[in-house]
Structures are given as C-alpha cells and as structure tokens.
Amino acid sequence: MHLADILTITLNPALDVSTSTDKVMDTHKLRCTAAVFHPGGGGINVARVLQRLGSNCLALYPAGGMNGQRLRQLLDQEQVRSHGIAIAGETRESFHVHETSSGRDFRFVLPGPTLSPPEWQACLDAFSALEVPPAYLVASGSLPPGAPDDFYARLARLARMRGSRLVLDSSGPALAAALAEGVYMVKPSLGELRELTGLPLSTGPQRLEAAQRIIGKGQAQVVALSLGEDGALLVTVDRALRAGAVPVKVASTIGAGDSFVGGLVWAFSRSADLEQVFRYGMASAAAALLTQGTALCQPSDVERLCSEVVITPV
C-alpha cells in the first residue's frame, strides 16, 4: 500500500444509493428521481472529506462482488486513494430516500456481508504491514457480521504499538471494548454516550462529566461529543469547548458526522490549536448538511462556514 499520513479503516463499507420522492407511503408504488451513487461507510466518508481538504490519506476496506467493484470505481473518480481487500461476499448497499414534501430522510441500512476470520484479520494485517505507520488512524462505522466485537480494540493495541493516533467513531460493544483498550479520540453521539454510560445525560454538566470521565479513565485523550441540532462538545484533559450548530439550510443530514470527524482530523494533522480544530470540525459538518445524499462537504463551504462557528469555553 502507498504511504499516507492518515489511514481510514472501514470494515463495513457500502455502495450508497440516494433518490427522492414526494411522499413515502406504504403499499403504493413510489415514483422516484434518478438514483445517485456514492461510496459509503464511515471511514470511507471520512477519507473523502480528508482528500477534499488536501490530506495525504488512504482508505482501507474489504470489498466484494459487483458492488465492491463499483465502490472502487467511485473512489477512483473522486481521486480518493484506496486499498480494497478482496472478500467472498458482496459489498452491501445502503438506500436513502429524501421525502421532498417534508424534508425528511429515510435510510435503509443493510447488515453487510459476513466476513470470515481471515478476511477481517487481513484488514488488521494490512495496517501492521505498513512500512511507515500513519500519524492518524481513523476507524469508523459499524462492524459487519462475522467481525468480533473486539476488532477495534485489537486495532487500538496495534495503533499504540505502532505509534499511530487512533480516532474512533463507532457504537455498542465494539466502542466499549476499544475504549477499554484506549484510543486517541472518540466521537460518540449523545445516544451512543448514553448507551455507553447507562445514564440519561439530560443536562450539559452531566454530558461534560461523562466525557471527562472517559478521559480520566485513560480511555481517550479527546472526546468529541456530537449533539445534533445542539452543536457539539470537544473535551480534553484540561479544556472543554462548546460550539453551537451553524445555521444552514439542511438538504440532508447524511454524512454530517463523518464530515465532522474528517474536519477534526484534518486540523489535528496540521497541528492546529484546539479551537481551530473544533472550528473545522463544526464547519465540515455544517457544510455536509448543504448537500443531498452522501455528497458530503465541499471545501469552499467549509472555509466559508468556519467564520460562523461560535465556540465558548465550558
């Protein structure tokens, strides 16, 4: 594989199919607009954002069947450097329908192919085999059937051994196992943090305390807590920042979280200060809201929206 400053790993990539219709109803045939195809899956989306922002990035993922081939082609078209690991199963599709009458998004997410132990192990081995480890390793998205719950925890151990900073965006048992191992940055949603802690986290101080507890336990050095319409928190061992959501006209909410991670990692990789890191993360997330489907953020929108991010210390 080629050398890269940032490597993203997507164990359950998808061929994202987007369309729109006036109203989603049962029973009736729904006449839709022409389908639009994008490469998808958490880490792949992060790599697409990083490439647009000018990073030296490589996307690593398993791929199989015609969907896997199409996924590679779409990444090539976007000039995203990638390395697909051949698997026996067919790469999944994710289907998104935008309801034009209401502005609502309907997302149909399939489980993905079952990976055999040699197939998911090949993804770990590909990282281990890199002659020069990347400064940042981004692991994002769900685990497919067949992958063990401790896959990200194994990756965390390898990252620590190789000196790469692991950025994790996942959920459930896979997230909990990785945090027990320790990562550089974790980006939970409020729902994921509630599941992780078992607490309602209904107030700002409770959310801050939960993030600080993760850092205090040595589970992460940075917690980026996304709060949807309420913005986000960015917490380190000695600082806590709050940013409100940037007001934009929302075309689609898909990919905003991945764009948030991409903006954060891009700024971290350029040794930006914490406020500037947060500013680029928030601007990237807001820029993604302007585009339909999984089109993600555009650099010109990110730069324009950076000045509109309001950050306050907590």
Side-chain angles (χ1 to χ4, degrees), residues 1-2 4 7-19 35-48 51 57-78 80-97 106-130 137-159 166 168-178 192 254-255 257-258 261 293-294 296:
M1 290 195 300
H2 300 291
L7 177 71
T8 71
I9 293 185
T10 312
L11 209 61
N12 202 12
L15 178 64
D16 280 355
V17 186
S18 300
T19 187
V36 177
F37 297 87
H38 288 115
I44 282 178
N45 287 338
V46 173
R48 292 168 64 204
Q51 188 275 335
C57 177
L58 179 69
L60 173 68
Y61 58 96
M66 294 299 294
N67 286 343
Q69 186 176 341
R70 185 76 184 273
L71 185 65
R72 285 193 188 96
Q73 292 170 347
L74 290 168
L75 285 168
D76 288 344
Q77 287 172 17
E78 292 194 21
V80 176
R81 293 196 302 138
S82 70
H83 179 75
I85 292 175
I87 59 171
E90 180 85 24
T91 295
R92 64 179 175 147
E93 283 186 351
S94 287
F95 193 64
H96 155 240
V97 180
F106 295 84
R107 303 174 68 180
F108 303 88
V109 181
L110 300 178
T114 298
L115 296 191
S116 66
E119 288 172 339
W120 57 257
Q121 183 63 50
C123 296
L124 296 174
D125 293 343
F127 168 62
S128 298
L130 287 172
L137 172 64
V138 181
S140 179
S142 62
L143 294 178
D149 285 344
D150 70 343
F151 178 86
Y152 289 140
R154 298 178 191 223
L155 194 59
R157 285 194 292 273
L158 290 174
L166 176 60
L168 180 64
D169 183 6
S170 192
S171 60
L175 171 61
E192 289 161 351
I254 298 174
D258 297 328
V261 173
T294 324
L296 303 178

List the steps and the verdict of side chain to side chain contact (heavy atoms under 4.5 Å, CB included) for Q51 and R81. CA-CA 8 Å; Q51 188 275 335; R81 293 196 302 138; over 6 Å; no
Using the side chain to side chain contact (heavy atoms under 4.5 Å, CB included) rule, take T19 and F95 through it: C-alpha gap first, then chi angles, then the decisive distance, then the call. CA-CA 8 Å; T19 187; F95 193 64; 3.8 Å; yes
Just do the side chain to side chain contact (heavy atoms under 4.5 Å, CB included) check on V138 and I9 with the steps written out, would you? CA-CA 6 Å; V138 181; I9 293 185; over 6 Å; no
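The side-chain heavy atoms of F37 and S18, taken from C-beta on, include no pair separated by under 4.5 Å. With contacts defined as side-chain heavy-atom distances shorter than 4.5 Å, the pair D169/V46 does not qualify. Residues L74 and L15 have side chains in contact (heavy-atom distance under 4.5 Å, counting atoms from C-beta outward). By the 4.5 Å heavy-atom criterion applied to side chains, L175 and L168 are counted as neighbours. Annotation: side chain of L166 is not in contact with side chain of Y152 (no heavy-atom distance under 4.5 Å). Counting heavy atoms from C-beta outward, S140 and D258 have side chains that approach closer than 4.5 Å. Here the side chains of Y61 and L75 are in contact, with some heavy-atom distance below 4.5 Å. Side-chain contact between L158 and F127 is present, with heavy atoms from C-beta onward closer than 4.5 Å.
To the nearest 0.5 angstrom, E78 atom CD is 4.0 Å from R48 atom CZ. Between the OG1 atom in T91 and the CE atom in M66 there is a gap of 11.5 Å [rounded to 0.5 Å]. Interatomic distance, CG of L143 versus CZ of F151, reported as 7.5 Å (0.5 Å rounding). L137 contributes atom CG, which lies 5.5 Å from atom CG of L7 (distance to the nearest 0.5 angstrom). The OG atom of S82 lies 9.5 Å from the CG atom of L60; values are rounded to the nearest 0.5 Å.
Of all heavy-atom pairs spanning P39 and N45, the tightest one is O-OD1, 3.3 Å. Smallest separation of non-hydrogen atoms from P113 and I87: CG-CD1, 3.9 Å. Of all non-hydrogen atoms in A63 and R72, the two that sit nearest each other are CB-NH2, 3.8 Å. The heavy-atom pair separating D16 from G40 by the smallest distance is OD2-CA, 3.5 Å. Between G112 and N12, the shortest heavy-atom distance links the atoms CA-OD1, 3.6 Å. Residues L11 and C123 approach most closely at CD1-SG, 3.6 Å, considering heavy atoms.
Using a distance-only test at 3.5 Å, with no hydrogens or angles considered, a donor-acceptor pair links the side chain of E119 to the main chain of S116. Distance alone, capped at 3.5 Å, is enough to place a donor-acceptor pair between the R92 side chain and the P13 backbone. In terms of modelled atom types and a separation under 3.5 Å, the side chain of S170 and the main chain of G141 share a donor-acceptor contact. A donor-acceptor pair is defined here as one N or O able to donate and one able to accept, closer than 3.5 Å; no such pair exists between the side chain of S94 and the backbone of V109. Checking side-chain atoms of E90 against main-chain N and O of N67 turns up a donor-acceptor pair under 3.5 Å.
Among residues at least two apart or in separate chains, salt bridge (charged side-chain N to carboxylate O under 4.0 Å, His left out) pairs with a member in residues 140-152 are D150-R154.
Shown here are the side chain to side chain contact (heavy atoms under 4.5 Å, CB included) partners of A122, two or more places apart in sequence or in another chain: I85. Annotation: salt bridge (Lys or Arg N to Asp or Glu O under 4.0 Å) contacts of R70 (sequence neighbours excluded): none.
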